[in-house]
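Written below as structure tokens is the structure these notes are about.
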Amino acid sequence: MKLSMPRFDQAPVLVVGDVMLDRYWHGATSRISPEAPVPVVKVDQIEDRPGGAANVALNIAALGAPAVLVGVTGEDEAAQSLQQSLEAIGVKTYFQRIENQPTIVKLRVMSRHQQLLRMDFEEPFHTDADALARQVEQLLDQVKVLVLSDYGKGALQNHQALIQAARARGIPVLADPKGKDFSIYRGASLITPNLSEFELIVGRCEDEAELVSRGARLMRELDLGALLVTRGEHGMTLLRPEHAPLHLPARAREVFDVTGAGDTVISTLAASIAAGAELPQAVALANLAAGIVVGKLGTAAISTPELRRAVQREEGSERGVLSLEQLLLATEDARAHGEKIVFTNGCFDILHAGHVTYLEQASAQGDRLIVALNDDASVSRLKGPGRPINAVDRRMAVLAGLGAVDWVVSFSEDTPERLLKQVQPDVLVKGGDYGIDQVVGADIVQAYGGEVRVLGLVENSSTTAIVEKIRSR
């Protein structure tokens, strides 16, 4: 299955469920309390992050998809913190605020990236289920997917009313289930239990065959469109009626913290399906996203550049020949990862030792090297009849095979000025005996704060000289 990134910006998703605030107290520990055998933490940083259904909405917004959130909170400082942080990243919030009840807060005491203690502040909410359902119905016509983010805290009281309202409009319903009764999710398009939650319903599964058979029975009983069982280090299993099971291995390189991984899975699924991805591809993207997020501390969101880079790595297309559109996306991702982009250009008709040395030196000026090639027509205009010796696709393929080169792109003009205006590299590099003011495009790069550097060329290495030598024989 070939993976590609959907366009999330036109994929609005409605999340309904249990919102909570994840609060972190960070500090150093250097001694044991004289009052009890526990470490003393000197708190020097307090951090608030959206949790539960709010984290699902946050993840959807981080991918660039429009996110709408309906939930239940108290009338307190924690609710205000949640609303401000969510709306700051573009999530539209519709909170049913209940007086004299606290917003759910999970407080974690952290030291040296380790969790020492967690304290939960929560009481069951007395949700007005009818009012919440009316609010959801008013919003359904604005979205393409409905997510039920159920933590069993009381925000969701009438699952069936929400599921049927969405189904009546042809809107897929994804549910992250909790509890011992999955019948409340009857008719959902997809539910995403982890293995423990799944086995609590169907019984212990000794092997994959048993998991598949019991999952198929559960789908029949509950009229489910599909079932995705997340299995930790064993990856994920997608089950659909009349389809072979799809087993995906875990993609995490290093597991640092599994907090919020389930939220990342369902948010990536929802945004992908809303953007038009088929379910197997949406699951594959969610699997990659989960592999990224477990390498982060605490509840965390992943961005489109992070996910796109994972897709490129998976497809083996992180480097190589790119179109201009692909190059602009690649440079956006690189900047999101704090990488410095270097740009050079030329004909590179017959690659020789001087070119290789120069490109290695250019690559050392930053983190990512773009080589822009004159296409065949512009080489002919610059070098005369009979040039280029090698067509542009062959020249690009050879350059893409060099370890120093990240991305190769062609341009049709005599100079790369238009390309420089669009890409805006951090460093423009040119080889030869030039002053910086003689480098084509230097004024463009310097105008936006970029650097221009001139590198020397290896002596006695010239494509023109090589061509003349060959022709004279």
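In what follows, every heavy atom counts, from backbone to side chain, and hydrogens, waters and symmetry copies are set aside.
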[X] side chain vs [Y] backbone, donor-acceptor pair below 3.5 Å:
X    : Y    : answer
D263 : N55  : no
T192 : I266 : no
T29  : P39  : no
Q10  : R7   : no
Q160 : I184 : yes
D406 : L369 : yes
S81  : E77  : no
D9   : G64  : no
S272 : A282 : no
D18  : G71  : no

Whether H159 and Y185 hold their rings parallel, tilted or perpendicular, with breakpoints at 30° and 60°: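 Because their plane-to-plane angle is over 60°, the rings of H159 and Y185 count as perpendicular.
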Just checking [X]: does its [atom1] atom have more than 12 heavy atoms from other residues, nucleotides or ligands closer to it than 6.0 angstrom?
X    : atom1 : result
R169 : CZ    : yes
Q422 : CD    : yes
E325 : CD    : no

Among side-chain atoms of [X] and [Y], is any donor-acceptor pair under 3.5 angstrom?
X    : Y    : value
Q164 : R186 : no
T103 : D76  : yes
E47  : H26  : yes

Using 0.5 Å steps for rounding, measure from the [atom1] atom of [X] to the [atom2] atom of [Y].
X    : Y    : atom1 : atom2 : answer
L399 : L373 : CG    : CG    : 5.5 Å
I292 : L307 : CD1   : CG    : 5.5 Å
Q281 : I273 : CD    : CD1   : 11.0 Å
L107 : L117 : CG    : CG    : 7.5 Å
I98  : T127 : CD1   : OG1   : 5.0 Å
T331 : D426 : OG1   : CG    : 9.5 Å

Residues M219, L239; criterion side chain to side chain contact (heavy atoms under 4.5 Å, CB included); working and verdict: CA-CA 9 Å; M219 286 190 293; L239 303 177; 3.7 Å; yes
L156/L162 under side chain to side chain contact (heavy atoms under 4.5 Å, CB included): CA gap, chis, key distance, verdict: CA-CA 9 Å; L156 293 170; L162 304 181; 3.7 Å; yes
E197 and K180: CA distance, side-chain angles, deciding distance, salt bridge (charged side-chain N to carboxylate O under 4.0 Å, His left out) verdict: CA-CA 8 Å; E197 293 163 342; K180 299 179 180 179; over 6 Å; no
Is there side-chain contact between [X] and [Y], with at least one heavy-atom pair below 4.5 Å?
X    : Y    : result
L146 : V16  : yes
I60  : V91  : no
F121 : I104 : no
V105 : E122 : no
H247 : V212 : yes
V371 : W407 : no
P102 : E123 : yes
L140 : I171 : yes

Can you name the nearest heavy-atom pair linking [X] to [Y], along with the distance?
X    : Y    : answer
F343 : A372 : CZ-CB, 3.5 Å
L190 : L228 : CD1-N, 3.7 Å
P6   : A275 : CB-CB, 3.5 Å
R240 : A226 : CG-CB, 3.8 Å
A53  : L69  : O-CD1, 3.8 Å
A286 : V265 : CB-O, 3.6 Å

R418 charged N/C atom sitting above F411 aromatic ring, 6.0 Å / 45°: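 No, a cation-pi geometry is absent between R418 and F411.
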Thinking salt bridges, do [X] and [Y] make one under a 4.0 Å N-O criterion?
X    : Y    : value
R395 : D393 : no
D223 : R167 : yes
R231 : E208 : yes
R23  : D48  : yes
R204 : E210 : no

E87 and T93: CA distance, side-chain angles, deciding distance, side-chain hydrogen bond (donor to acceptor under 3.5 Å, both in side chains) verdict: CA-CA 7 Å; E87 291 183 349; T93 59; 2.9 Å; yes
F95 vs L86, side chain to side chain contact (heavy atoms under 4.5 Å, CB included): CA-CA, chis, key distance, verdict: CA-CA 12 Å; F95 290 159; L86 288 166; 4.0 Å; yes
Step-by-step side chain to side chain contact (heavy atoms under 4.5 Å, CB included) determination, S410 to M396: CA-CA 8 Å; S410 67; M396 294 174 79; 4.0 Å; yes
Residue that, paired with I370, satisfies side chain to side chain contact (heavy atoms under 4.5 Å, CB included) out of V405, L327, V342: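 Exactly one candidate clears the test, L327.
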Chi angles and distances behind the salt bridge (charged side-chain N to carboxylate O under 4.0 Å, His left out) call for E199, R214: CA-CA 9 Å; E199 291 185 331; R214 293 187 179 186; over 6 Å; no
